Amino acid sequence: MKGRAAYLLPIFLTLILSAGCKAKAQRQMPPAQTLQEEPVRTPDDGTFGNKRQTPPLPQKSGKIDVDLTKMNANMIYSYIFEMVVDPDSYTGKTIKVSGFFYSVVDEESGERYFAVIIPDALACCKQGMEFKWLGNHTYPEDYPAENQEITITGTYKTDTMEGDITYSYLEVSELIF
């Protein structure tokens with residue numbers, strides 16, 4: 001009997017001590033009316049599991065669907081990344097973005113390409129977005145100087161190159177420098 005009591009005594013003491021702690025913790029909790037209920041996460045609401053979260057698309061307000069000029073560096077990175085991996089969600093949307101002008105010539109074809117380069121907050125990792133300026137514009141006369149700050153507004157488009165490679169760009173209607 002002594003052996004059995006010695007075995008049950010630690011269990012009994014643990015139960016008493018934990019019950020005492022629980023009662024103390026309950027006394028310290030705020031009244032029920034000050035607690036706020038958190039929403040229940042379900043597999044269908046996009047917050048459950050390892051499903052990739054996408055930045056919310058802004059509601060269409062006026063002419064610009066996504067204004068990257070009013071966002072911080074993290075949000076800009078998120079949006080541009082999302083545009084690259086899910087172009088269908090942005091195709092046809094009007095995008096406004098600020099950055100630095102950059103151009104490059106394809107040595108094989110001789111064609112000149114234009115881009116806006118967007119630095120991140122630490123200016124270590126840059127992102128670029130190709131653009132095609134609508135209308136008749138001559139380079140370099142009508143374009144900004146290399147690395148000059150610009151703001152462009154245009155429609156997000158996708159196109160397919162040879163070999164079924166899809167790429168995206170902005171068809172720019174407004175270029176400010």
Side-chain angles (χ1 to χ4, degrees), residues 36 38-39 41-177:
Q36 295 196 5
E38 287 192 32
R41 293 178 170 199
T42 65
D44 296 333
D45 72 0
T47 62
F48 188 78
N50 292 329
K51 186 175 180 183
R52 181 171 52 91
Q53 296 294 313
T54 60
L57 285 174
Q59 295 298 319
K60 188 164 183 128
S61 59
K63 167 180 156 173
I64 298 170
D65 296 307
V66 180
D67 190 347
L68 299 176
T69 64
K70 298 183 187 283
M71 297 180 188
N72 68 30
N74 290 336
M75 286 304 294
I76 293 170
Y77 178 85
S78 296
Y79 270 97
I80 292 177
F81 178 80
E82 186 64 22
M83 288 178 196
V84 171
V85 298
D86 187 16
D88 294 338
S89 293
Y90 293 90
T91 300
K93 302 276 186 199
T94 302
I95 312 290
K96 183 176 182 180
V97 62
S98 291
F100 297 94
F101 176 75
Y102 182 75
S103 71
V104 65
V105 175
D106 179 1
E107 292 178 14
E108 232 177 80
S109 69
E111 190 173 347
R112 182 171 293 277
Y113 295 94
F114 304 100
V116 58
I117 305 297
I118 307 124
D120 69 343
L122 298 175
C124 67
C125 307
K126 299 174 183 174
Q127 299 179 27
M129 184 179 294
E130 182 187 354
F131 70 86
K132 297 177 183 180
W133 194 8
L134 294 173
N136 294 324
H137 307 284
T138 308
Y139 182 83
E141 294 83 14
D142 298 330
Y143 285 84
E146 292 288 324
N147 296 316
Q148 184 173 351
E149 193 166 350
I150 62 171
T151 299
I152 58 175
T153 304
T155 305
Y156 191 78
K157 302 273 187 170
T158 57
D159 205 351
T160 305
M161 294 173 31
E162 202 174 301
D164 292 332
I165 297 171
T166 302
Y167 72 99
S168 56
Y169 62 94
L170 277 182
E171 191 174 79
V172 173
S173 57
E174 180 180 58
L175 190 149
I176 300 169
F177 58 96

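Owing to the predicted nature of the structure, the values given are computational and were not obtained by experimental measurement.
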Residues that N72 engages under side chain to side chain contact (heavy atoms under 4.5 Å, CB included), provided they are two or more places apart: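 By the side chain to side chain contact (heavy atoms under 4.5 Å, CB included) rule, N72 matches N74, M75.
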Does K70 have any side chain to side chain donor-acceptor pair (under 3.5 Å) partners at least two apart in sequence or in another chain, and if so, which? none
Could you give me the CA-CA distance, side-chain angles and deciding distance for F100 and Q148, then say whether side chain to side chain contact (heavy atoms under 4.5 Å, CB included) is met? CA-CA 5 Å; F100 297 94; Q148 184 173 351; over 6 Å; no
Between E111 and V105, is any pair of side-chain heavy atoms under 4.5 Å apart?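 Side chain of E111 against side chain of V105, heavy atoms only: no contact under 4.5 Å found.
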With sequence neighbours left out, which residue pairs that include part of residues 158-169 fulfil the salt bridge (Lys or Arg N to Asp or Glu O under 4.0 Å) condition? none
Contacts of type side chain to side chain contact (heavy atoms under 4.5 Å, CB included), residue S98, not counting sequence neighbours: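 With neighbours one apart ignored, the set is T69, T151.
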Any chance you could measure I117, atom CD1, to M129, atom CE, to the nearest 0.5 Å? 10.5 Å
Who are the ring-ring contact (aromatic ring centres under 6.0 Å, His included) partners of Y169, not counting sequence neighbours? Y167
N136: which residues meet the side chain to side chain donor-acceptor pair (under 3.5 Å) condition with it, sequence neighbours left out?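 With sequence neighbours excluded, N136 shows a side chain to side chain donor-acceptor pair (under 3.5 Å) to no residue whatsoever.
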Within this structure, what is the CG-CD1 distance for the pair L68 and I76, rounded to the nearest 0.5 Å?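 With rounding to 0.5 Å, CG (L68) is 6.0 Å from CD1 (I76).
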Taking distance alone, no hydrogens or angles, what donor-acceptor pairs closer than 3.5 Å link side-chain atoms of residues 170-177 to residues at least two apart or in another chain?
residue : atom : partner : partner atom : Å
S173    : OG   : T153    : O            : 3.4
E174    : OE1  : T153    : OG1          : 3.4

Taking the side chain as C-beta and beyond, is there a heavy-atom pair between I118 and V97 under 4.5 Å? yes
Any side-chain heavy-atom pair from Y102 and V116 closer than 4.5 angstrom? no
Sequence neighbours excluded, every pair satisfying salt bridge (Lys or Arg N to Asp or Glu O under 4.0 Å) that has a member inside residues 129-139: none
Name all residues meeting the side chain to side chain contact (heavy atoms under 4.5 Å, CB included) criterion together with S168; count only those two or more places apart in sequence or in a different chain, and write none if there are none.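 For S168 the side chain to side chain contact (heavy atoms under 4.5 Å, CB included) partners, ignoring immediate neighbours, are Y156, T158.
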If we only count heavy atoms from C-beta on, is the M83 to K93 side-chain gap below 4.5 Å?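 Sidechains of K93 and M83: no contact.
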Kindly compute the distance separating CD1 (I80) from OH (Y90), expressed to the nearest 0.5 Å. 10.5 Å
Looking only at heavy atoms, the pair that brings D86 and S89 closest together is OD2-OG, 2.6 Å
Can you sort out the partners of S109 under side chain to side chain donor-acceptor pair (under 3.5 Å), two or more places apart, ordered by chain and number? D106
Does Q127 form a side chain to side chain contact (heavy atoms under 4.5 Å, CB included) with F81? I'd like the steps, not just the answer. CA-CA 9 Å; Q127 299 179 27; F81 178 80; 5.9 Å; no
Applying side chain to side chain contact (heavy atoms under 4.5 Å, CB included) to F101 and not counting sequence neighbours gives S103, F114, F131, Y139, Y143, P144, E146, I150
